[in-house]
Amino acid sequence: MDLLLKEEHRQVREMARKFADDVVAPRARALDEKEEFPAEIVKQMAELGFLGLPFPEKYGGAGLDTLAYVIAVEEIARACGSTAITLAAHVSLGCGPVYMIGTEEQKERFLTPMAKGEAIGAFGLTEPNAGSDAAGTQSRAEKVDGGWRVNGSKIYITNGGVAKYITFTARTDSSKGTKGISAFIMDTATSGFRVGKREKKMGLRGSDTVEVVFEDCMLPAGNLL
Ligand SMILES: Cc1cc2nc3c(=O)[nH]c(=O)nc-3n(C[C@H](O)[C@H](O)[C@H](O)COP(=O)(O)OP(=O)(O)OC[C@H]3O[C@@H](n4cnc5c(N)ncnc54)[C@H](O)[C@@H]3O)c2cc1C
C-alpha cells in the first residue's frame with residue numbers, strides 16, 4: 001500500500017499522526033464523556049490546513065488530493081472519532097458540494113472561507129421522512145421575487161450547530177418528483193434559521209449532531225447551487 005503513497009502523502013500522514021497523538025488523543029475521552037465539541041482542536045486543524053486539504057490553493061485549500069485528505073481523517077479517527085467526523089463532515093459534506101457544483105462566484109464566496117478554516121460547513125439532507133430515500137424530502141424552497149423562501153427542517157446534521165454555512169436540499173417543484181429537489185447554500189445567520197434538538201448519542205458524542213429548522217428564511221437567487 002505504501003507504494004501508492006507519494007512523498008506528500010507520507011508528509012501528511014506524519015503530520016496528522018503527530019497531531020493526533022500529541023493533541024487529539026489526550027482530549028478524546030473527556031470530549032466524549034462531556035459531549036463537548038472539539039472547538040480548540042478544530043481551530044488547530046484549521047491552522048494546519050486540514051480543513052481545506054483536498055481543494056485547490058486558489059480557493060484557500062492546501063492543493064492536495066483526496067488520498068491525502070483520507071489519510072489525515074484516518075489518523076485523526078484513530079485518536080478520536082468525534083474529531084474525525086467533524087473534519088470529514090466539514091470537508092466532504094460542507095465544502096464538497098460547493099466545490100463540485102458551485103459556480104466560480106459561489107466557490108469564492110463560500111468555499112474559500114471554509115477551506116481556509118475561517119468558517120465551518122455542514123450539509124443537510126436527512127429529514128424525518130427522508131434518509132436513505134432522499135426522494136421523501138419535504139423541506140421546500142418557494143421561488144419569490146429576488147430569490148427563495150425556505151421552510152422545513154433537517155435532522156442529524158453534523159456540525160449543524162457550529163456551521164457558518166449549510167448546504168441543504170429542498171423541494172422546489174412538487175410536480176417533478178426527485179427532479180424537483182434542489183441544493184442551496186445558506187449562511188446560518190439568516191433570519192429564520194435556528195438550531196433545534198441536539199442529539200444525545202451512544203458514540204461520537206463530541207461531534208455536534210443537531211436538528212436545524214428553516215422558518216421563512218429568505219435566500220438570494222445566487223444561493224441556489
Ligand atoms: C452520527 C450521524 C451523523 C449524521 N450526519 C448527517 C449530516 O451531516 N447530514 C445529513 O443530511 N444526514 C446526516 N446523518 C443522517 C444519515 O445520513 C441518515 O441516518 C442515513 O441517510 C439513513 O437515513 P435514516 O436514518 O432515515 O434511516 P432509514 O433510511 O430509515 O434506514 C433505516 C434502515 O433501513 C435500511 N433501508 C433503508 N432503505 C432500504 C431499502 N430500500 N432496502 C433495504 N433496506 C433499507 C437502512 O440500510 C437502515 O439500516 C447522520 C446520521 C448519524 C447517525
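This structure is a prediction, so every number in the text was calculated from the model and none was measured. Throughout, residue positions are numbered sequentially from 1 according to the sequence presented. We count ligands from 1, going down the list as the structure has it; atoms in each ligand are counted the same way.
Using a cut-off of 4.0 Å between Lys/Arg side-chain N and Asp/Glu carboxylate O, K197 and E199 are scored as salt-bridged.
Residue-level contacts of ligand 1 at the 4.0 Å heavy-atom threshold are L93, F123, G124, L125, T126, G131, S132, Y156, I157, T158.
Under the side-chain hydrogen bond (donor to acceptor under 3.5 Å, both in side chains) criterion, N223 pairs with R109, sequence neighbours left out. Every residue two or more places apart in sequence or in another chain that forms a ring-ring contact (aromatic ring centres under 6.0 Å, His included) with F193 is listed here: F214. Partners of T112 under the side-chain hydrogen bond (donor to acceptor under 3.5 Å, both in side chains) rule, at least two apart in sequence or in another chain, do not exist in this structure.
Although no hydrogens or angles enter the test, the distance criterion places a donor-acceptor pair under 3.5 Å between the side chain of S82 and the main chain of G206.
Atom-to-atom distance recorded for E104:CD and L111:CG is 9.5 Å, nearest 0.5 angstrom.
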